[in-house]
**Q** 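The structure under discussion is supplied below as structure tokens; questions concerning it will follow.
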Amino acid sequence: TDAEGNATVSIPLDRRGSYTFFVRATDDRGRETEAQDWIWVSGDDYWYWAYDGLSIRPDKEEYQVGDTARIVVQSPITDAYALITYEGKSLGKYEIVKLNGSVLTYEVPVTDAMTPNSFIGVTIVGNGTTYYDVATLNVPPTSKYLNVEVTSDSDTYEPGDEGTFSLRVSDANGNPVQAQLTLGLVDEGIYLVRPENVSAIQEFFYAYESNLVGTDLSDWFYFGSAASVAADALEVPASPMVAERAEMSEGAFAQSKSDLVQPDVREDFRDTILWLPTLETDENGLATAKVTFPDNLTEWRLTARAITLGDEVGQNTYSIKTTLPVIARLAAPRFFIKGDTANLRVVGQSNLETDAEGQLQITAEGLQISNTNPTAINFPAGGRVTADYRVDATTIGLSNVTASALTGTASDAMKLPIPVLPHAIRSDIGWAGSNSTTWAFELPANTDLTTAYGKLYLTPSLAAAVAPALEY
């Protein structure tokens, strides 16, 4: 073998038949390993073997249009006649071929009609038994697949930056095409919670097709008497026409400039920042999309799917990051119950190339913090530091907690809203009336009135108020 462990051996095979190759190797420490593989050599000479059943095998797992598929048929009946059928959504070509011995090598020209897959069935009758087997020919419609290339004006961004994505769509031969694109830019962390469950657009439009053809003998069936059927009962109703889809309007939800917060306090966090359902490329196959990044410091996944009027489809994904030289993070619960006491952790991440002196700090609106003094700390280059703070939830409502990581080179702060809920059980009461009536009700004696609220709905009639509940 060569330095990469590869070796090539040429063996002339001048006889038709089945061959098994064994390879054994020993390394410099005397350890042995071996492997084996099987091949079939086709030919026109007579071949006999006492096979137990009918078996057919294609010579490849996948073909391209224009290839010739070679199907090896191993028959339990010697010199039999085989019915070869081209199967799939309907019965195509069929012919009867005589075997020379117990093996037949049958060649099938692969055509565009056989995409994305088709089937070759073989039926042999002999010795009072019918043998049937089918082989699948996988023919991906690569001529229908688009290449979607995505680039960006940067690999990393900061919150508030505007990013530009450039897209180029080409056909299987690399020629630019006009296509409609759908773009979505989503926080990569979403896919850690639940992976993408939408199949690739190629698999959706050109999915594996089942075989709807079967081969049976007439003597397998019993034809008895049946009641007559009226002629009009045999009429098959016409399939409803598919309604034409209305043209989709382009939309996007991304950060607007009015939502931008102070650059040292991050509080605008989003899961999805871009959605363009009908972006179109020009005659050169080019398109661009812009987005303003919110305050998330994360990795973003751009998913681009393309389709043309000629049913060509393709997709691609592209990743970029938003980050800062110094990052502040807050480890806190999603909510508090009034009376809770908890420890909140401020995490400072330094992406600086040198150590830096700084401090961690926490402030809160609606919570009592035992120690509001900043924590002086050294930020190691490429490392992280933490500080814990004890808080008490004494007031019902929405608290705002701000965590800061400050250095003399760069700083960051983030604000999170954390609700403080009452230690209680929710109770709802309702009433309906008409004209100028009065409704009197009582609340439990220990009700915290700061948590009570009501809603008033005005409708033309009582029936209009009840109608929305009918769907349940």
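None of these values were measured; they are calculated from a predicted model.
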**Q** Do W300 and S319 have side-chain N/O donor and acceptor atoms under 3.5 Å apart?
**A** no
**Q** Once rounded to the nearest 0.5 Å, what's the spacing between atom CG of D155 and atom CD1 of I320?
**A** 9.0 Å
**Q** Is a side-chain donor or acceptor of T308 paired with a backbone partner of G310 at a separation under 3.5 angstrom?
**A** yes
**Q** Hey, are R270 and D268 close enough for a salt bridge, meaning a charged N less than 4.0 Å from a carboxylate O?
**A**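 Salt bridge present between R270 and D268.
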**Q** Counting only N and O atoms by type, is there a donor-acceptor contact under 3.5 Å from the side chain of N211 to the main-chain atoms of V213?
**A** yes
**Q** Check the surroundings of atom CZ in R168: do more than 12 heavy atoms from other residues, nucleotides or ligands lie under 6.0 Å from it?
**A** yes
**Q** Using a 3.5 Å distance criterion without hydrogens, assess whether the side chain of T281 forms a donor-acceptor pair with backbone atoms of A179.
**A**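 Checking the backbone N and O of A179 against the side chain of T281, a donor-acceptor pair under 3.5 Å is found.
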**Q** For I418, is there any backbone N or O sitting under 3.5 Å from a side-chain donor or acceptor partner on S399?
**A** yes
**Q** Could you check whether atom CG of L13 has more than 12 heavy atoms from other residues, nucleotides or ligands sitting under 6.0 Å from it?
**A** yes
**Q** How about N117 and T136: does a side-chain donor come under 3.5 Å of a side-chain acceptor?
**A** no
**Q** What pair of heavy atoms forms the shortest contact from L54 to V122, and how long is it?
**A** CD2-O, 3.4 Å
**Q** Could you grab the distance from atom CD of E61 to atom CG of N138, nearest 0.5 Å is fine?
**A** 8.5 Å
**Q** Rounded to the nearest 0.5 Å, what separation is found between the CZ atom of F293 and the CG atom of L274?
**A**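 Output value for this atom pair is 9.0 Å.
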**Q** Whether the side chain of D282 engages the backbone of N284 through a donor-acceptor N/O pair (distance < 3.5 Å, no angle test) should be reported.
**A** yes
**Q** Given side-chain contact (heavy atoms from CB on, under 4.5 Å), test Y389 with R345 step by step and report yes or no.
**A** CA-CA 6 Å; Y389 299 89; R345 172 165 292 184; over 6 Å; no
**Q** Contact between P140 and P116 at the side-chain level, heavy atoms closer than 4.5 Å - yes or no?
**A**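 No, their side chains stay 4.5 Å or more apart.
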**Q** Would you call D311-K144 a salt bridge at under 4.0 Å N-O?
**A**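 Salt bridge: no.
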**Q** Return the minimal non-hydrogen interatomic distance between V313 and Q202, and the atom names on each side.
**A**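 In this case the closest contact between V313 and Q202 is CG2-CA, 3.9 Å.
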**Q** Step by step, work out the side-chain contact (heavy atoms from CB on, under 4.5 Å) result for V139 and V65.
**A** CA-CA 7 Å; V139 189; V65 175; 4.1 Å; yes
**Q** Between V186 and I190, which heavy-atom pair has the shortest distance, and what is it?
**A** CG1-CG1, 4.0 Å
**Q** Given side chains that start at C-beta, do those of E203 and V198 come closer than 4.5 Å, heavy atoms only?
**A**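 Contact flag for E203/V198 side chains = no.
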**Q** Give me the atom names and distance for the closest heavy-atom approach of I56 to D133.
**A**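 In terms of heavy atoms, the two residues are closest at N-OD2, 3.3 Å.
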**Q** For T407 and E357, run side chain to side chain donor-acceptor pair (under 3.5 Å): C-alpha distance rounded to whole Å, both residues' side-chain angles, the deciding distance at 0.1 Å, then the answer.
**A** CA-CA 6 Å; T407 72; E357 295 294 330; over 6 Å; no
**Q** Once ring-ring contact (aromatic ring centres under 6.0 Å, His included) is applied, what residue pairs with a partner in residues 171-211 remain, sequence neighbours excluded?
**A** none
**Q** State which residue, out of V346, V391, L367, fulfils the side-chain contact (heavy atoms from CB on, under 4.5 Å) condition with V401.
**A** L367
**Q** Among T298, T322, T272, find the residue that satisfies the side chain to side chain donor-acceptor pair (under 3.5 Å) test when tested with D187.
**A** T298
**Q** Which distance, rounded to the nearest 0.5 Å, do you find between the OG1 of T68 and the CZ of R70?
**A** 6.0 Å
**Q** Decide, yes or no, whether a salt bridge links R57 with D59 under the criterion of side-chain N to carboxylate O below 4.0 Å.
**A**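 Looking at D59 together with R57, the answer is no, because their closest N to O distance does not fall below 4.0 Å.
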**Q** Within a strict 4.5 Å, meaning less than it, do heavy atoms of the M414 and E267 side chains meet?
**A**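 Sidechains of E267 and M414: no contact.
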**Q** Take L99 and Y81 through the test side-chain contact (heavy atoms from CB on, under 4.5 Å) and record every step on the way to the result.
**A** CA-CA 6 Å; L99 275 67; Y81 288 90; over 6 Å; no
**Q** Judged by modelled atom types alone, do Y318 and S152 share a side-chain donor-acceptor pair under 3.5 Å?
**A** yes
**Q** State whether a side-chain donor-acceptor pair under 3.5 Å links S102 with Q74.
**A**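 The criterion, which ignores hydrogens and geometry beyond distance, is not satisfied for Q74 and S102.
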**Q** For A403 and R329, work out which heavy atoms get closest and say how close.
**A**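 Smallest interatomic distance, heavy atoms only, reads CB-O, 4.3 Å.
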**Q** Would you say K415 and L330 make side-chain contact, with heavy atoms under 4.5 Å?
**A**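 They are not in contact (no side-chain heavy atoms under 4.5 Å apart), so the answer is no.
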**Q** So, do L183 and L167 sit near enough that their side-chain heavy atoms are less than 4.5 Å apart?
**A**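 Yes. Closest side-chain heavy atoms under 4.5 Å.
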**Q** Sequence neighbours left out, what passes side-chain contact (heavy atoms from CB on, under 4.5 Å) with A381? Give chain and number order.
**A**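 side-chain contact (heavy atoms from CB on, under 4.5 Å) list for A381, sorted by chain: D355.
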**Q** Heavy-atom distance under 4.5 Å between the side chains of T182 and L276, does that happen here?
**A**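 The answer is no, as the side chains (C-beta and beyond) never meet within the 4.5 Å cut-off.
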**Q** I need the R305 CZ to L146 CG distance, nearest 0.5 Å.
**A** 13.5 Å
**Q** Looking at F21, is its backbone amide N or carbonyl O close enough to the side chain of D37 to form a donor-acceptor pair, meaning the two atoms are under 3.5 Å apart?
**A**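 Not a single qualifying donor-acceptor pair exists.
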**Q** Using 4.0 Å as the upper bound for N to carboxylate O, is an ion pair formed by R301 and E299?
**A**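 Salt bridge flag = no for R301 with E299.
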**Q** Are T105 and I71 close enough that some pair of their side-chain heavy atoms sits under 4.5 Å apart?
**A**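 Side chain of T105 against side chain of I71, heavy atoms only: no contact under 4.5 Å found.
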**Q** Considering the options T402, D295, D412, N296, which one meets the side chain to side chain donor-acceptor pair (under 3.5 Å) requirement together with R266?
**A**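 Single pass found, and it is D412.
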**Q** Is it true that atom CG of L192 has more than 12 heavy atoms of other residues, nucleotides or ligands lying nearer than 6.0 Å?
**A** yes
**Q** Within this structure, what is the OG-CG distance for the pair S143 and D112, rounded to the nearest 0.5 Å?
**A**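 Reported to 0.5 Å precision, the distance equals 5.5 Å.
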**Q** Using distance alone, with no hydrogens and no angle criterion, decide if E87 and Y94 have a side-chain donor and acceptor under 3.5 Å apart.
**A**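 Looking only at side-chain atoms, Y94 and E87 do not form any donor-acceptor pair under 3.5 Å.
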**Q** Can you give me the closest heavy-atom contact between P58 and L137, atom names plus distance?
**A**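 Nearest pair, atom of P58 first, then L137: CB-CD2, 4.0 Å.
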**Q** Check step by step if side-chain contact (heavy atoms from CB on, under 4.5 Å) holds for L104 and V97.
**A** CA-CA 9 Å; L104 168 68; V97 179; 3.9 Å; yes
**Q** Any side-chain heavy atom of V150 sitting closer than 4.5 Å to one from L302?
**A**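 They are in contact (side-chain heavy atoms under 4.5 Å apart), so the answer is yes.
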**Q** Looking at S154 and Y157, would you say the former's side chain and the latter's main chain have a donor-acceptor pair under 3.5 Å?
**A**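 Flag not set: sc S154 to bb Y157 has no pair under 3.5 Å.
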